[in-house]
Amino acid sequence: MAKHKTPLLDQLESGPWPSFVSDIKQEAEARAKNEKGLDYQIPVDCPDDLLGVLEMSYTDGETHWKHGGIVGVFGYGGGVIGRYCDQPQMFPGVAHFHTVRVAQPNGKWYNTELLRNLVNIWDLRGSGLTNMHGATGDIVFLGTTTPQLEEIFWELTHDLEIDLGGSGSNLRTPATCLGMSRCEYACYDTQELCYNLTQEYQDELHRPAFPYKFKFKFDGCPNGCVAAIARSDLSFIGTWKDQIKVNQEVVAAYVGGEIAPNAGAHAGRDWGKFDIQKEVVDLCPSKCISYDGKLTIDDKECVRCMHCINTMPRALKIGDERGCSILCGAKAPILDGPQMGSLLVPFIEVNKDDDFQAIKDIIENVWDWWMEEGKNRERIGETMKRLGMAALIDAAGVPVDARQVQEPRHNPYIFWKAEDVEGGWDRDINEFRKRHQR
Ligand code: SF4
């Protein structure tokens with residue numbers, strides 16, 4: 001029987017959706033009966049006390065978690081977030097309730113053996129409660145005690161060869177979409193770049209030395225399955241330089257109703273006959289498509305929003321000259337409101353070691369600047385806003401480009417120098433790469 005009465009939490013189970021309260025109750029009951037026959041290494045009533053402290057927070061209208069405290073594993077500064085309850089006598093099972101961040105596999109590819117091994121560790125040494133996945137992308141283990149931290153770390157890294165993720169003022173666990181492993185729209189190998197940068201920046205990931213947190217995210221195309229543009233300090237978003245490939249016969253098949261638009265995603269509801277004018281041409285944000293029995297795209301005006309391709313995926317394909325754009329400065333609303341990333345590098349190839357090195361040079365230039373200029377607990381997007389985009393562009397060492405604007409057709413915040421106006425991006429990026437070749 002439950003230790004604590006939880007009338008407020010119980011209401012959260014009444015809606016049509018799965019409830020985290022039911023999940024915690026299920027775990028509390030399983031532990032009370034010791035259904036798994038485990039020699040639990042943290043208090044057995046931990047999930048029960050978690051319900052109790054949550055109910056108390058709802059009643060009091062304030063949290064009963066004390067944030068932080070220095071707790072972690074030897075040699076790492078991040079990966080564990082200390083949590084202590086301010087009512088330990090009443091809820092001893094959650095007196096310590098530390099969160100452990102675990103780096104998710106690249107593109108979140110698991111096999112069942114890995115999942116089983118992860119939960120086996122957590123059943124024995126933690127609350128059994130997880131969050132798959134946290135907002136940054138990590139596997140989040142919710143709630144354990146200080147003496148268990150080194151044990152968990154040893155078993156994760158030695159037995160499963162999986163690392164802790166980032167927390168605090170360090171590089172957070174880089175996150176990527178499935179990329180080329182499943183998606184025909186991937187303009188570069190997101191998993192390769194994510195893996196390469198994760199290996200390169202192990203120090204930055206585990207030893208907090210930045211003014212505040214810093215996130216990399218890798219989207220293979222502008223559909224943005226990991227929402228890099230909104231959630232990462234430096235986002236890498238796949239794009240292409242040449243034309244969208246159009247197969248006019250297949251366009252005609254969409255228009256004639258032989259193929260369902262949106263890959264049949266709207267099947268089951270009657271949306272009426274597909275209307276290419278209304279559903280594609282009129283919705284193109286840069287008004288660069290026309291249809292008069294033949295689909296024409298003015299590619300130099302296309303902003304790569306993906307809408308036309310998503311609607312008629314069998315007729316339209318991404319171009320062949322592929323790479324990524326790099327944007328800087330997205331963040332959540334803590335200070336100054338939320339911010340999307342601003343374009344720093346319009347296009348860079350991501351194929352060879354040289355390309356990876358050019359990307360690393362940009363990253364390190366940006367970090368050097370931010371570590372010099374950033375205030376304590378200031379995201380790079382805030383530093384950028386405070387000192388100006390031009391300062392960031394200078395520091396990054398990338399050429400100035402007309403596309404580095406706050407938003408299209410509005411308020412370019414670049415101060416142009418005479419030498420920037422002559423010549424194009426291609427010349428400048430090639431010079432930049434030559435300068436930075438090691
Ligand atoms: Fe227009 Fe977007 Fe298609 Fe480009 S990708 S042509 S901007 S709808």
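One-based numbering along the sequence shown. Start at 1 and go down the list; that is how both ligands and their atoms are numbered. Only heavy atoms go into these numbers, but all of them, side chains included; no hydrogens, no water, no symmetry mates.
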Original post:
Should Arg207 and Asp203 count as an ion pair when the cut-off is N to O under 4.0 Å?
Top reply: yes
**OP:** Anything protein N, O or S sitting under 2.8 Å from atom 3 (Fe) of ligand 1: count it and give me the total.
**Re:** 1
Subject >> Asp233 vs Arg379, salt bridge (charged side-chain N to carboxylate O under 4.0 Å, His left out): CA-CA, chis, key distance, verdict >> reply: CA-CA 8 Å; Asp233 300 85; Arg379 292 286 286 269; 2.9 Å; yes
Original post:
Ring centroid separation for Phe214 and Trp367, is it under 6.0 angstrom?
Top reply: yes
Original post:
With ring centroids as reference points, do His98 and Phe141 lie under 6.0 angstrom apart?
Top reply: no
Subject >> Sub-4.5 Å side-chain heavy-atom contact between Ile289 and Cys284 >> reply: yes
**OP:** Taking only Lys NZ, Arg NE, NH1 and NH2, and the carboxylate oxygens of Asp or Glu, determine whether Glu155 and Arg125 approach each other closer than 4.0 Å.
**Re:** yes
Subject >> Numbered atoms and elements of ligand 1 in range of Ser286, under 4.0 angstrom, heavy atoms >> reply: 7 (S)
